[in-house]
Each structure stands twice: as structure tokens, then as C-alpha cells.
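Remember, it's 1-based here, ligands and their atoms both numbered in the order they're listed.
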Amino acid sequence: MDKMWKGRFSKELDSRVNDFNSSISFDSRMYKEDIEGSIAHATMLGNQGIISKEDSACIVENLEAILADIESGKLAFDMTAEDIHMFIEAELTKRIGTVGKKLHTARSRNDQVAVDMKLYVKKELKEIKALLLKLIETLVKLAEENVETIMPGYTHLQRAQPITFAHYMMAYVEMFKRDYMRLSNSLDIMNYCPLGSGALASTTYNIDREFTAAKLGFAGPTMNSMDGVSDRDFCMEAASDIAIAMVHLSRLSEEIILWCSWEFKFVELDDAFATGSSIMPQKKNPDITELVRGKAARCIGDLNTLLVMMKGLPLAYNKDMQEDKEAMFDSIDTIKICLTTIIPMLSTMKVIKKNMENAAKKGFINATDVADYLVKKGLAFRDAYKITGEIVKECIEQDLTLDSLPLSTYKKYSDCFAGDIYEAIDLKTCVNGRKVLGGPSEEIELKHIALIKQFLTENKLYERLESED
Ligand code: ARG
């Protein structure tokens with residue numbers, strides 16, 4: 001394809017440079033945003049009398065036809081074009097001649113690519129937000145079914161204190177809720193339209209930036225033309241939000257990998273969401289979760305690419321910024337495929353309550369409650385703690401648990417012990433006694449679940465309203 005800018009040059013671009021320079025192989029996915037941006041621009045040019053109303057209408061009509069032809073498969077991308085922007089403009093000119101050549105009045109590819117990219121990222125982040133709501137919904141359902149499922153909570157991967165499976169799931173709900181809020185926040189911050197910034201110094205034409213910004217769904221135009229074309233904070237923020245969410249998904253995946261092992265056997269994946277081994281017939285592997293854990297690395301890498309790519313750039317546009325796309329797209333694609341796979345995996349996963357409860361019976365996870373029992377009978381915590389440590393030591397030596405240790409042995413350590421110790425250290429009592437805000441008791445968990453359900457309803461409603469806009 002002929003270069004738009006060939007007038008100033010006396011030689012063709014070397015074919016090796018051509019391939020090196022070109023971005024159409026990856027930016028063609030922004031065709032819709034590019035056309036949308038051009039339609040807003042052309043409409044504004046017509047309204048402002050910068051081009052005639054007829055030319056404006058002709059451009060808009062033909063851009064719409066190009067969009068329809070791309071979507072129906074009638075029009076294929078020309079891979080020799082430099083990028084999607086050049087391709088669409090050239091196609092328009094092919095169709096309507098000189099009128100098509102007027103589209104780029106009062107615009108540069110620099111503000112064009114900035115607006116396309118923002119529109120694209122905005123659209124994708126909204127989809128990721130919707131997927132996060134689905135994930136939260138799935139985890140809440142698991143929580144609701146397991147408010148009474150006692151399991152050990154761990155620190156240092158050592159059994160620590162009794163909790164419920166609901167409490168575990170709701171911990172991840174909080175993480176994904178923050179991810180959702182981070183994305184909402186980023187969407188608000190990026191919601192300003194760079195179109196009209198021109199190459200870097202805006203334009204002498206009397207354009208209407210408020211109009212194009214509103215038509216494209218932004219809160220308003222950006223306030224500095226140099227920043228408008230050279231800002232990629234929105235990519236760095238989006239990639240950062242995604243990387244953090246992927247870290248959360250990766251941690252959840254790691255839990256599930258452990259829980260699927262025979263050492264834990266707390267959960268069993270549905271056959272449709274697990275894989276076998278090519279040699280070991282007994283194997284059922286949690287490949288999905290391992291891949292999610294692995295793919296988190298890509299998203300962290302994508303964020304790194306964007307940060308390092310930007311850190312040394314003088315204002316305003318530099319071609320380095322073309323590199324934003326593959327990193328941003330990879331980060332978006334990766335989290336989307338991870339979410340769409342892990343959600344049904346979680347909703348079909350079987351929770352083996354019995355094994356969780358059995359594991360909770362071992363490991364002296366109610367030792368803190370023995371100490372607390374003594375404190376309630378008047379001892380200072382440090383003294384109670386020391387006595388309990390000695391009792392645990394004796395239990396280990398005699399191969400007993402705190403629940404099976406005879407009262408006479410307890411009494412050897414303190415007169416404060418009475419028959420009510422067994423009730424006090426029953427795992428149910430331990431869990432349900434933790435009624436403080438944020439605790440694992442059934443009463444508090446159900447309140448938390450209700451709050452999250454309200455959050456889901458409000459945000460689903462909001463998303464529906466937004467998509468109707
Ligand atoms: N393909 C370019 C990019 O993705 C478009 C902007 C090019 N502008 C320029 N002056 N070379 O960044």
C-alpha cells in the first residue's frame with residue numbers, strides 16, 4: 001500500500017523496515033473504535049463548517065459501510081498498510097475519492113491512536129468488571145453453602161485456628177471486590193478524550209472538543225494537548241489493576257492446587273475441568289489453576305513492559321508507544337480467558353466437607369481457645385499461653401488431642417479447668433465465638449454475605465444502565 005506521507009520522500013521504504021514499523025497485525029482489532037472515533041470527528045467537522053455537511057454525511061455513511069463490511073467479512077485488512085488508522089482512511093478514500101481525504105483535517109494519527117486505544121481499553125475493562133462480578137457471585141454461593149463447614153485456617157501453611165470454608169471464600173471475595181473497585185476508579189480517571197490534541201499542539205481549526213468527547217462517551221476532553229497524545233497512564237493503570245487481580249487469581253489457584261492433592265483432598269474438580277496424565281492412569285490434574293498461576297506472570301510482565309516503555313520518553317508522541325498495544329492486549333486477553341475458565345471450574349467444584357472437618361480436628365487449632373478459657377477464668381494471657389503450651393506438649397507426647405485429654409490431666413496444670421473446657425474448645429464454639437466484625441462466626445459471615453449480595457445487585461444494575469446508555 002502506498003504511504004500517505006510519500007510526498008516528502010524520494011525512495012520507497014525498505015521492505016524490512018516496512019514490516020518492522022507496521023502495527024496492523026495487532027492494532028486491527030481496534031477497527032471499531034477507529035471508525036467510531038472518525039465518525040465523531042467527521043460529524044464535528046461538518047457541524048463546525050470545517051468541511052461541508054454533505055462531505056461530512058458522505059464520510060460518515062461510508063465509514064459505517066466499511067464497518068459493516070469488516071464485520072461481515074466482506075472487507076479484509078490489507079496487511080501491507082502501516083496500521084489500522086491508515087487502512088481505514090485509505091479504504092474510505094478508495095470508496096469516495098477526494099471527500100475521503102478530508103477526514104484527517106484538524107486531526108493527527110497521534111490523537112487518533114490515543115482515542116482509539118482509550119475507547120478499546122474502556123470497553124474491555126467494563127467486560128472484565130462484569131466477569132469479576134460473576135466470579136464474586138460464584139464465590140459467594142460457595143460461601144453460602146459452607147458457613148458451617150469448619151476447616152483449619154493456616155499461617156506459614158501450618159494449621160493455626162479454626163475457620164469455615166465460607167470465611168476462606170469470602171476473603172477472596174474481598175480481594176476481587178477491591179479489583180472491581182480499582183477498575184472502576186481507573187475508568188473514571190481515564191474518562192477524558194484526547195481527540196483534538198492533534199499531533200501535539202492541537203489545531204488552528206475551530207473544532208468542538210466537547211462535542212466529540214460527549215459523542216464518544218467521555219466525561220469531557222483532556223486539558224493539555226501534549227499530555228493528551230503522550231499519556232498512556234490509562235494503559236499502565238489498567239495493566240496494573242489486571243496484574244493485581246491476576247495475583248489474586250493466582251493465589252486462589254495455588255490454594256486449589258493444594259486442596260486437590262491427596263495430602264489435603266478438601267475439594268474435587270469436576271471431570272470437565274480437570275485433565276489426565278499421558279502415562280499415569282490414576283492422575284487427575286488441576287491444569288486450569290496451574291495455567292492461571294502461570295499466566296499471572298504474563299500480566300505482571302505486561303505491566304512491566306508498559307512501565308519501562310514509558311519511563312524515558314520525552315513529550316510528546318514517540319513511536320515507542322506503539323509497543324503499548326501488544327502488552328495491553330495480552331494483559332486483557334489473559335485475564336479474560338482466565339476468568340471465563342475459572343468461574344465454571346469453581347461453580348462445579350465439589351467441596352469435601354468431611355475432609356476439611358477431619359483436618360480441623362488435628363493440629364491443636366483450638367489451643368488459642370484453651371488459653372482464652374483460662375483468661376476468662378482470671379489468668380493473665382501470657383500465663384495462660386504458657387500453661388497451654390505445656391498441655392499441648394503433653395498431648396503430643398501421649399498422642400492425644402486437646403479434646404481427648406482427660407480433665408484430671410488438665411487440672412494438673414491449673415485449678416481453673418473444669419468440665420466446661422470441652423464445650424469451650426469445641427471447634428463450633430471456637431468459630432462461632434469469633435463474632436467480631438470480620439470474624440468467621442456464622443452470624444457475622446451471613447451478614448457479610450448479605451452485604452456482598454447487595455453490592456452485586458447494585459453493581460449489576462449499574463452495569464445494565466451503563467450498557468443501555
Ligand atoms: N501505529 C501508531 C501507534 O500505534 C499510530 C500512531 C502513529 N503516529 C505517528 N506519528 N507515527 O502508535
Undergrad: Does the Lys NZ or Arg CZ of Lys129 fall within the cation-pi geometry relative to Tyr180 - under 6.0 Å from the ring centre and within 45° of the axis?
TA: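 Judged by the rule, Lys129 and Tyr180 form a cation-pi pair.
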Undergrad: Out of all atoms in ligand 1, which are within 4.0 Å of some heavy atom of Ser23? Include the element for each.
TA: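 Numbered from 1, ligand 1 contributes 1 (N).
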Undergrad: Would you call Asp333 and Lys336 a salt bridge, using N to O less than 4.0 angstrom?
TA: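 So Asp333 does not pair with Lys336 through a salt bridge.
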Undergrad: Check the side chains of Ser22 and Glu82 for a donor-acceptor pair under 3.5 angstrom, ignoring hydrogens and angles.
TA: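 No donor-acceptor contact under 3.5 Å links the two side chains.
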Undergrad: Check this for me, if you would: do Arg95 and Glu91 make a salt bridge, where the nitrogen-to-carboxylate-oxygen distance has to be below 4.0 angstrom?
TA: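 Counted as a salt bridge, because a side-chain N and a carboxylate O are separated by less than 4.0 Å.
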Undergrad: Can you report which non-hydrogen protein atom sits closest to atom 11 (N) of ligand 1, along with the distance?
TA: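 Checking every protein heavy atom, the shortest distance to atom 11 (N) of ligand 1 gives Arg109 NH2, 3.7 Å.
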Undergrad: Under 4.0 Å from a heavy atom of Asp83: which atoms of ligand 1 are those, numbered in the order shown and with their elements?
TA: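 Every atom of ligand 1 under 4.0 Å from some heavy atom of Asp83: 1 (N), 2 (C), 5 (C).
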Undergrad: How far is atom 8 (N) of ligand 1 from its nearest protein heavy atom, and which residue and atom name does that atom have?
TA: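 For atom 8 (N) of ligand 1, the nearest protein heavy atom comes out as Asn110 OD1, 2.9 Å.
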Undergrad: Taking N or O atoms only and a 3.5 Å limit, does His85 qualify as a polar contact for ligand 1?
TA: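 N/O-N/O distance under 3.5 Å: no.
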Undergrad: What's the spacing between Ile244 CD1 and Phe176 CZ if we round to 0.5 Å?
TA: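 Rounded to the nearest 0.5 Å, the CD1-CZ separation comes to 12.5 Å.
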Undergrad: For Ser186 and Asp241, test the side chains for any donor-to-acceptor distance below 3.5 angstrom and give the result as yes or no.
TA: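 Present: a donor and an acceptor within the cut-off.
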Undergrad: Examine Glu82 against ligand 1 and note whether any of their N/O atoms are separated by less than 3.5 Å.
TA: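 Min N/O separation from ligand 1 is not below 3.5 Å for Glu82.
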Undergrad: Closer than 4.0 angstrom: is that true for some heavy atom of Lys325 and an atom of ligand 1?
TA: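 Lys325 counts as a contact of ligand 1 under the 4.0 Å cut-off.
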Undergrad: What is the closest protein heavy atom to atom 1 (N) of ligand 1, and at what distance does it sit?
TA: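 That would be Gln322 OE1, 2.8 Å.
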Undergrad: Which residue owns the protein heavy atom closest to atom 3 (C) of ligand 1, what's the atom, and how far is it?
TA: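 Checking every protein heavy atom, the shortest distance to atom 3 (C) of ligand 1 gives Tyr317 OH, 3.3 Å.
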Undergrad: Students often mix this up, so state it plainly: with edges at 30° and 60°, are the rings of Tyr168 and Tyr172 parallel, tilted or perpendicular?
TA: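 Parallel, since the angle between the ring planes stays under 30°.
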